[in-house]
Amino acid sequence: YENEKLKLLMETINSLPENFRQIILLRFQKELDYSEIASELNIPLGTVKASLFRAKKLLQIQLKRHQNLFDNV
């Protein structure tokens, strides 16, 4: 059950647009802070914050579509 959830999460992250996927992975997989992400991607700190917010929102919307798959398990 947990493996299925993790697989779905990774598939959903991989389906995000490249810029959102990069920021999500740098933040949550590599555990970089916002300024480290900005430096790594050579983008302004404000762009990191806005993109991370949008990426998490998009991820949340996409995962909610699959929520019913796990409700009955």
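No hydrogens, no waters, no symmetry mates; every other heavy atom, side chains included, goes into these values. Predicted, not measured: the structure shown is a model, and the values here were computed from it.
Here F53 pairs with nothing under the side chain to side chain contact (heavy atoms under 4.5 Å, CB included) rule; sequence neighbours left out. For N19, there are no side-chain hydrogen bond (donor to acceptor under 3.5 Å, both in side chains) partners at least two apart in sequence or on another chain. Remark: T47 engages I43, P44, S51 in a side chain to side chain contact (heavy atoms under 4.5 Å, CB included) (not counting sequence neighbours).
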Enumerate, atom names and distances included, each donor-acceptor pair closer than 3.5 Å involving a side-chain atom of residues 9-18, sequence neighbours excluded.
| unit_1 | atom_1 | unit_2 | atom_2 | d |
| --- | --- | --- | --- | --- |
| T12 | OG1 | L8 | O | 2.7 |
| N14 | ND2 | M10 | O | 3.1 |
| S15 | OG | T12 | O | 2.7 |
| S15 | OG | Q62 | OE1 | 3.2 |
| E18 | OE1 | R21 | NH2 | 2.2 |

Validation: residues 24-37 side-chain donor-acceptor distances under 3.5 Å, sequence neighbours left out:
| unit_1 | atom_1 | unit_2 | atom_2 | d |
| --- | --- | --- | --- | --- |
| R27 | NH1 | L32 | O | 3.0 |
| D33 | OD1 | S35 | N | 3.2 |
| D33 | OD1 | S35 | OG | 2.9 |
| D33 | OD1 | E36 | N | 2.8 |
| E36 | OE1 | D33 | N | 2.8 |

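Between atom CD of residue Q60 and atom CG of residue L58 there is a gap of 10.0 Å, rounded to the nearest 0.5 Å. Taken to the nearest 0.5 Å, the CG atom of L52 stands 9.5 Å off from the CZ atom of F20.
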